[in-house]
Amino acid sequence: MKKYLTEIFNKAAMKLSYLSEIDYSFDTPKSDEHGDLSCNAAMMLSKRLKKNPRQIADEIISNLDVDEDVIEKVEIAGPGFINFFFSHNYKAQIVNQILKEKSNFGRSNKHKGQKANVEFVSANPTGPLTVGHGWGAVVGDTVANMLESIGYTVEREYYFNNAGRQMRVLGDSVKLRYLELLGNKIDYPEDYYQGEYIKDIAVKLHDKFGDKLTEEDPEGKFKEKAEEEIFNEIKDTLSRLNITFDSFFNEYSLYEDSKIEELLSMFEEKGLSYKKDDALWMKFSELGVAEDKVIVKATGEPTYRLPDIAYHKTKFDRNYDLMVDLFGSDHTATYPDVLAGLRAIDLDSDKVKVLIHQFVTILEDGEVIKMSTRKANYITLDQLIDDVGSDVVRYFFNMRNISSHMNFDLTLAKKQSDENPVFYLQYAHARICSIIRTVAEEKIKSSVKNLNLLLEEEEKQLINKLNQYEDEILVAAENFEPHRICTYLQELATAFHKFYTFRRILGSEKKLAEARMALAEATKTVLQNGLGILGVSAPKRM
RNA sequence: GCGCCCAUAGUUCAACUGGAUAGAACGUCGGAUUCCGGUUCCGGAGGUUGGAGGUUCGAGUCCUCCUGGGCGUACCA
C-alpha cells in the first residue's frame, strides 16, 4: 500500500515541486476511521507555504492520479491529514501474495548488495554467560536476522580480548586452584575468578598432567586450557539459542598482524598522540570527546581503546556498509572514544551503529534476585534456558525495547499458560495447523479466487493486519528494534483468534470456506515468518 | 560533581523516528462453548504520561530546570 502511495506522490511531485522539499510520511492511523494510511505532508508544508493545511491537502489530492480500483476514498481530516482508504479487493490480494511468496513474504531487497557486520556477545571467555549476556545475544542475532530480511548480507561476529589483564587473572586463578588441588595451602584473592568452573578446569588439568604443571607459567597451559574450555561452554550455550557466529575475532591477532602499530603511527603522523608521564595519550579533546585519554600505559601495554579502535578499523577495511555493535550499558562510556578514534583517521563513524541494552533484573515470585559477578552469585544463561526453554528466552529478550531496564519475570516465563505471551502466539500457529489438518479431511482446499467474499469485520481486520507486515519488518529492521515484531505478532494473533471465533470454515458455503481457508493459511505463513526472524519456533501441535 | 539511559493503568510494557480520542497483556469484576484446539473470545472498571516551564498548527515523544532510579566516570575491559 505504501509503495503505491509513494509512486503516485512521486508522480505528483513533478507538478507540485514543494512535495520533494519535505520529508513527509505515510503512517497507519491508530483508528481505522482514519483510513488505511495517512499522509502528513500538508501540515508540514503549511508554514513554508503560508497556507491553510487543508487547502494544501486539497491541492495535493487534485494532483494525485488515483486508480479507483485501488483507493476508493481520499479525505482530508483533522488539522490537515490526507487519509487514504484502500479498496477491499486491493487489500485482500495480500493473501494471494503471501501464499505465493511463502517464506519470502516480508523480505525486501531494499538493501540488496549491502554488507553488514553485527558484533554481539563479545564476552571475554572468563566465565559462563549470564542472563545479561543473554539479552545482547538474542537481540544481536535477531537484529542480524532482520537486516538479512531487508536485503543485507550479514556477518555475525564475536570479538574478545585475550591479550589483556582479564585473561591473565584467569590463568592465575586456574593455577592457584590447581596448586590447591595438589594440597598446597593457598590464599585465594578476592579479585580472582570465584566460580566453581575454575576448579573444574583445574581438575581437568590435574587429570591430564598430574603434578607436572607446578612450574608452568599461568599464562601458558592454564590460561590456554581455561580459554578453550570456557569458550566451548559459551558456544554450547549460544547454540542452544540457535545462535552461531560467522567469525570470532580476537584481540591478539591485532598484534600479530601489526594493526596496533599501524594505528599508532597513523595517530602520530596526524599529531593526535603525545607522551606524558611515560604514557602515550590521545588528543580526544580535539576529537569531540571531553578529555584526553591514555592509549598506551607507562608499562607499554595498550589500554582497551587502542585495540578497540584498531579492531573497528579492520571492519572498515573489510568494506561493510553498516556495522552494528551491541553491548551492555556498562560499556556505555567506551564507545564515544572508539568512534572518535575512527573519525580521527578519516573513517565515517556514522556507518557504525551502537546499540546499548540496559541491565536485566530477574524477578521470581515478585522478588528481585540479586546478582553479583564477582561473588559468582548469578544466574547463568544456561540455567535460564534449562528453566524456561529456548523459545521463551528468545521471545522475552526480544519483546522489550533494549533502552529500557528489563524485569525478567521468571515465574511468568515458566508458566506454560495463557499468561505467557509466547504461548499465545505459538497457539495461534498450532491452531491454524490443526484447522488445516481437519479441513483437509473434509476436502476443502484453500483458494484465492474469491477473496472478495471476505467481507466480515473480523476478516477485514485480519486482512488489514496482514497488509501491515512488510512495513513492520522494514521499520523494525531499520530501527534495530526487534520488540516491534513481537508487538505486531501479538496483534496479528489476536486478529486471527477473533476471526476464528466468529467465522467458521467448515459449514460455510464452498467458495467462502475456500477463501477463509486461504486467509488462515496466509496468517500461518506470516506468523511463521515473524517468529522465524525472532528465532522462536512455530509448533504444529502443542 | 559530570556523562549516558530510564520514569506511561494495580503490575509488566507499547505508542511507527512530533500527529488525530495515549493502546495492549497480566491482574480484577461480569459474560460466551451441542460447532474446525476454551492455551480462545466478548464486555466493564482502571491515566493530570514523575513534577514545573518552554518550542508549534499539534508534545508521552523535542529543549531547560527539578525529583527519583540504573550504568558509567581508570595508565580495568
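The shown structure was predicted, so the numbers you read here are calculated from the model rather than taken from an experiment. Chain letters run A, B, ... following the sequence lines, proteins first, then strands; residues in each count from 1.
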Separation of atom CZ in A:Arg48 from atom P in B:U56, rounded to whole Å: 17 Å
Integer angstrom distance from the C1' of B:U67 to that of B:C29: 36 Å
B:A20 pyrimidine/purine six-ring stacking with A:Phe81, under 5.5 Å and 30°: yes
Touch class at under 4.0 angstrom, heavy-atom based, for A:Arg541 against every strand present: base
Under-4.0 Å salt bridge between A:Glu514 and A:Lys510: yes
Span that lies between the P atom of B:U11 and that of B:U55, in whole angstrom: 34 Å
Under 3.5 Å donor-acceptor pair, A:Arg484 side-chain atoms to B:C16 base atoms: no
Upstream residue (5' side of RNA chain B) when A:Ile505 and A:Thr299 are each assigned their closest nucleotide: A:Ile505
Nucleotide nearest A:Arg400 when distance is taken to its side chain, options B:C6, B:G37, B:C13: B:C13
Spacing of A:His312 atom NE2 relative to B:A77 atom P, expressed in whole Å: 16 Å
Sugar-phosphate, base or nothing in reach of A:Ala77, heavy atoms under 4.0 Å: base
B:U8 pairs with, by Watson-Crick or G-U criteria that keep both distances under 3.5 Å: none
Sugar-phosphate, base or nothing in reach of A:Pro421, heavy atoms under 4.0 Å: nothing
Proximal nucleotide (of B:C41, B:G72, B:U39) relative to the A:Phe502 side chain: B:C41
Whole-angstrom distance between B:G53 and B:G10, as gauged at atom P: 23 Å
Presence of A:Lys30 side-chain N/O under 4.0 Å of B:A20 phosphate oxygens OP1/OP2: yes
Touch class at under 4.0 angstrom, heavy-atom based, for A:Asn401 against every strand present: sugar-phosphate
Sugar-phosphate, base or nothing in reach of A:Ala430, heavy atoms under 4.0 Å: base
Closest listed nucleotide, where the reference is the side chain of A:Met43 and the choices are B:G19, B:C5, B:U39: B:G19
Nearest-Å distance for atom pair OH/C1', residues A:Tyr427 and B:U39: 6 Å
For B:C71, the Watson-Crick or wobble partner whose two distances fall under 3.5 Å: B:G3
Residue A:Thr334, side-chain atoms from C-beta onward, closest of B:A77, B:U40, B:U12: B:A77
Of the listed nucleotides B:G38, B:A77, B:C6, the one nearest the side chain of A:Tyr304: B:A77
Test: A:Glu472 and A:Arg484 ion pair at under 4.0 Å: no
Separation between the P atoms of B:C76 and B:C71, rounded to whole Å: 23 Å
Sugar-phosphate, base or nothing in reach of A:Asn83, heavy atoms under 4.0 Å: base
Between B:C57 (P) and A:Met44 (CE): distance, integer Å: 13 Å
Rounded distance (Å) that lies between atom C1' of B:U61 and atom CG of A:Asp27: 14 Å
Separation of atom CG in A:Leu37 from atom C1' in B:G19, rounded to whole Å: 14 Å
A:Lys3 and A:Glu470 ion-paired at < 4.0 Å: no
Under 3.5 Å on both distances, the Watson-Crick or G-U partner of B:G27: none
Side-chain-base donor-acceptor pair under 3.5 Å for A:His405 and B:G69: yes
Under 3.5 Å side-chain donor-acceptor pair for A:Ser403 and A:Asn401: yes
Selection from B:U17, B:C71, B:G37 that lies nearest to any side-chain heavy atom of A:Asn479: B:U17
Separation of the P atoms in B:U73 and B:C66, to the nearest angstrom: 24 Å
Short side-chain donor-acceptor distance under 3.5 Å, A:Arg503 and A:Ser508: no
Touch class at under 4.0 angstrom, heavy-atom based, for A:Met406 against every strand present: sugar-phosphate
A:Tyr192 side chain vs A:Val174 backbone, donor-acceptor pair below 3.5 Å: no
Sugar-phosphate only, base, or nothing, as touched by A:Glu478 at under 4.0 Å among non-hydrogen atoms: nothing
Residue A:Tyr424, side-chain heavy atoms: nucleotide from B:G70, B:C4, B:C41 that is nearest: B:C41
Salt bridge A:Lys315-A:Glu157, side-chain N to carboxylate O under 4.0 Å: no
Proximal nucleotide (of B:C36, B:G19, B:A77) relative to the A:Asn40 side chain: B:G19
Span that lies between the C1' atom of B:G70 and that of B:C26, in whole angstrom: 25 Å
Under 3.5 Å side-chain donor-acceptor pair for A:Asp391 and A:Gln426: yes
Sugar-phosphate, base or nothing in reach of A:Arg503, heavy atoms under 4.0 Å: base
Between B:C76 (C1') and A:Tyr192 (OH): distance, integer Å: 15 Å
Distance between C1' atoms of B:A7 and B:U39 (Å, rounded): 34 Å
Partner of A:Glu491 by side chain to side chain donor-acceptor pair (under 3.5 Å), out of A:Gln461, A:Lys465, A:Gln468: A:Lys465
Candidate nucleotides B:G37, B:C75, B:A77, ranked by approach to the side chain of A:Arg431 - the nearest: B:G37
Base of B:A20 paired with side chain of A:Ser38 (donor-acceptor, under 3.5 Å): yes
Ionic contact status for A:Lys110 with A:Glu478, cut-off 4.0 Å: yes
Phosphate-side-chain proximity, A:Lys297 and B:C76, N/O vs OP1/OP2 below 4.0 Å: yes
Sugar-phosphate, base or nothing in reach of A:Ser403, heavy atoms under 4.0 Å: sugar-phosphate
Atom C1', compared across B:G23 and B:U49: separation rounded to whole Å: 12 Å
Atom-to-atom span, CD of A:Gln55 to C1' of B:C57 - whole angstrom: 15 Å
Counter-base of B:C65, judged by Watson-Crick or G-U geometry with both distances under 3.5 Å: B:G51
Closest-nucleotide 5' rank along RNA chain B - winner of A:Thr494 and A:Ser25: A:Ser25
From B:C75, B:A14, B:U39, nucleotide with atom closest to A:Ala279 side chain: B:C75
